[in-house]
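Letters go in sequence order (proteins before strands), and every chain restarts at 1.
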There are 2 protein chains.
Amino acid sequence: MSSLLATRKDSTTRDRLLDLAETAILQKSFAATSIEELVAGAEISRSGFFYHFKDKGQLAKALLLRYVERDRAILDDIFARGDALNDDPLHGFLVGLRLFAEMTASLPEAYPGCLVAAICYQEQLFDREIRAINRDAVLAWRTRFRARFDRIAALYPPRIEVDLDDLADMASAIVDGGITLSKTLREPLLLSRQVTLYRAFIRAVFLGG
Amino acid sequence: MSSLLATRKDSTTRDRLLDLAETAILQKSFAATSIEELVAGAEISRSGFFYHFKDKGQLAKALLLRYVERDRAILDDIFARGDALNDDPLHGFLVGLRLFAEMTASLPEAYPGCLVAAICYQEQLFDREIRAINRDAVLAWRTRFRARFDRIAALYPPRIEVDLDDLADMASAIVDGGITLSKTLREPLLLSRQVTLYRAFIRAVFLGG
DNA sequence: CGGCGACTGTACCGGAGGTACAGTGACCGG
DNA sequence: CCGGTCACTGTACCTCCGGTACAGTCGCCG
């Protein structure tokens with residue numbers, strides 16, 4: 001149960017493996033990341049890897065769960081701060097979007113990339129379980145944003161006819177697509193600008209041009 | 001030079017390999033597609049594959065070039081039809097977007113997926129040449145849409161303050177992101193709905209709510 | 001002192017990509 | 001008819017990687 005003193009270093013070996021794997025996978029894909037390089041980086045043996053994860057798929061699963069949870073925490077925090085600065089659900093959301101755009105802009109390199117998208121394109125490598133995690137994560141964002149838009153629409157009747165579920169999905173699409181473009185073009189700020197554009201659309205929908 | 005009679009079947013072996021590879025890669029990623037299954041599908045020997053492509057990377061390159069060109073042709077046709085139905089650059093574009101949304105909606109399964117995105121997340125597997133093709137393709141779309149928006153903005157001064165390059169990039173982001181979401185959620189119509197939302201945004205920018 | 005958690009080491013397997021190279025049959029120009 | 005080239009086939013071989021199977025080790029905890 002590890003508790004206070006880890007056998008090596010400060011973090012547990014398992015966590016170091018996950019960290020190394022995440023960095024490597026986002027840089028060069030899951031398939032191109034070998035177990036060999038991970039165990040070399042973590043300074044353990046190959047057997048050590050299979051002690052922690054029964055196969056590469058289990059590594060992917062653990063990684064995805066950690067990633068989804070971390071993303072959720074970050075965005076929860078951002079929108080909570082947006083709401084703290086503003087009572088109104090619309091303006092709180094708009095502030096949140098601006099904070100998010102600023103956050104993505106301040107990242108050193110391009111946004112680390114989105115594991116959800118990365119795994120979507122490599123999905124056949126994985127099992128049903130992993131695809132379900134991915135699906136649930138995306139649906140959770142739809143639900144969260146949809147609930148927000150319902151509250152907003154009650155106060156600000158939409159000026160443009162839109163489906164609120166689609167508007168919620170658009171946030172995910174813009175972020176995923178923005179990351180992809182950002183990486184492809186090697187333009188780190190592209191994602192931030194796309195988020196800002198999405199924000200302008202939300203404004204137009206509920207406040208008008 | 002093959003000319004009239006191919007040695008086997010009607011299409012050339014090389015084309016059959018590309019067709020098989022495209023289907024397989026979009027279904028289950030590049031890495032998970034083995035040369036073995038391609039040569040089995042094309043009914044040739046392993047040596048035959050390496051006769052046509054010196055390695056898997058050359059296959060990816062040929063595939064990407066073919067894909068990018070085909071996409072360009074399809075969208076050229078769609079926006080040409082939009083313009084044919086309407087003299088105005090804005091309304092021609094809006095018609096084109098509707099045609100595009102209809103096209104993606106009518107596809108049997110989800111949109112076949114976007115090789116550009118698929119390859120972006122597996123980029124380290126490939127060389128500079130392939131990344132350049134990808135980059136150029138995306139930049140070409142930015143340029144094309146940007147030129148269109150310049151023409152539109154001359155006639156319809158934007159009601160919402162937006163950068164026209166960003167607005168052009170948004171089309172690519174929405175399509176890439178929409179495909180990813182569509183695949184992840186297994187909702188074939190999601191992409192079409194996102195394109196329709198983008199169309200609503202374009203309307204709002206240039207015509208107002 | 002005994003057991004368990006966190007490993008290490010060794011050996012082995014199959015599949016995938018890739019190389020090397022010799023051979024073969026159809027067709028084509030001279 | 002002959003030689004060459006195109007489009008392959010077949011065989012052999014190599015490496016890397018994921019994965020399996022264990023047997024052994026070392027430190028800590030009850």
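Considering only side-chain atoms of A/S45, the nucleotide from D/dG18, C/dT8, C/dG18 that sits closest is C/dT8. Of all nucleotides listed (D/dG19, D/dC17, C/dC7), C/dC7 comes nearest to the side chain of A/I44.
Atoms CG (B/L59) and C1' (C/dG18) sit 14 Å apart, rounded to a whole Å. When rounded to the nearest whole Å, the span between CG of B/D15 and P of D/dA7 equals 12 Å. For the pair A/F50 CZ and C/dT8 P, the computed distance is 13 Å after rounding to whole Å. In this structure, CZ of A/F49 is placed 15 Å from C1' of C/dC7, rounded to the nearest angstrom. Atom CD1 of B/I35 is separated from atom P of C/dG15 by 16 Å (rounded to the nearest Å). Regarding B/F53, its CZ atom lies at a distance of 19 Å from the P atom of C/dA16, rounded to whole Å. Rounded to whole angstrom, the span from the CG atom of B/L38 across to the P atom of C/dA16 amounts to 11 Å. Between B/Q58 atom CD and C/dG17 atom C1' the separation is 14 Å, expressed in whole Å.
Remark: of the listed residues A/F93, A/W141, A/F100, A/F93 is the sole one forming a ring-ring contact (aromatic ring centres under 6.0 Å, His included) with A/F79.
OP1 or OP2 of C/dA6 sits under 4.0 Å from a side-chain N or O of A/Y51. Residue B/T13 has a polar side-chain atom (N or O) positioned under 4.0 Å from OP1 or OP2 of D/dC8. For D/dC8, one of the phosphate oxygens OP1 or OP2 lies less than 4.0 angstrom from a side-chain nitrogen or oxygen of B/H52.
A salt bridge links A/R142 with B/E187: the distance from a Lys NZ or Arg NE/NH1/NH2 to an Asp or Glu carboxylate oxygen falls below 4.0 Å. Salt-bridge check for A/E161 with B/R203: failed, with every basic side-chain N at 4.0 Å or more from each acidic carboxylate O.
Across all strands shown, A/S47 has heavy atoms under 4.0 Å from base atoms, whether or not it also approaches the sugar-phosphate.
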Audit row: A/R131, B/R186, side-chain contact (heavy atoms from CB on, under 4.5 Å) steps and yes/no:
CA-CA 10 Å; A/R131 296 210 294 263; B/R186 306 228 186 291; 3.0 Å; yes

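A donor-acceptor pair shorter than 3.5 Å can be found between the side chains of A/R16 and A/T13.
Remark on DNA chain D: of its neighbouring residues B/R14 and A/E36, the 5'-side contact belongs to B/R14, judged by nearest-heavy-atom nucleotide.
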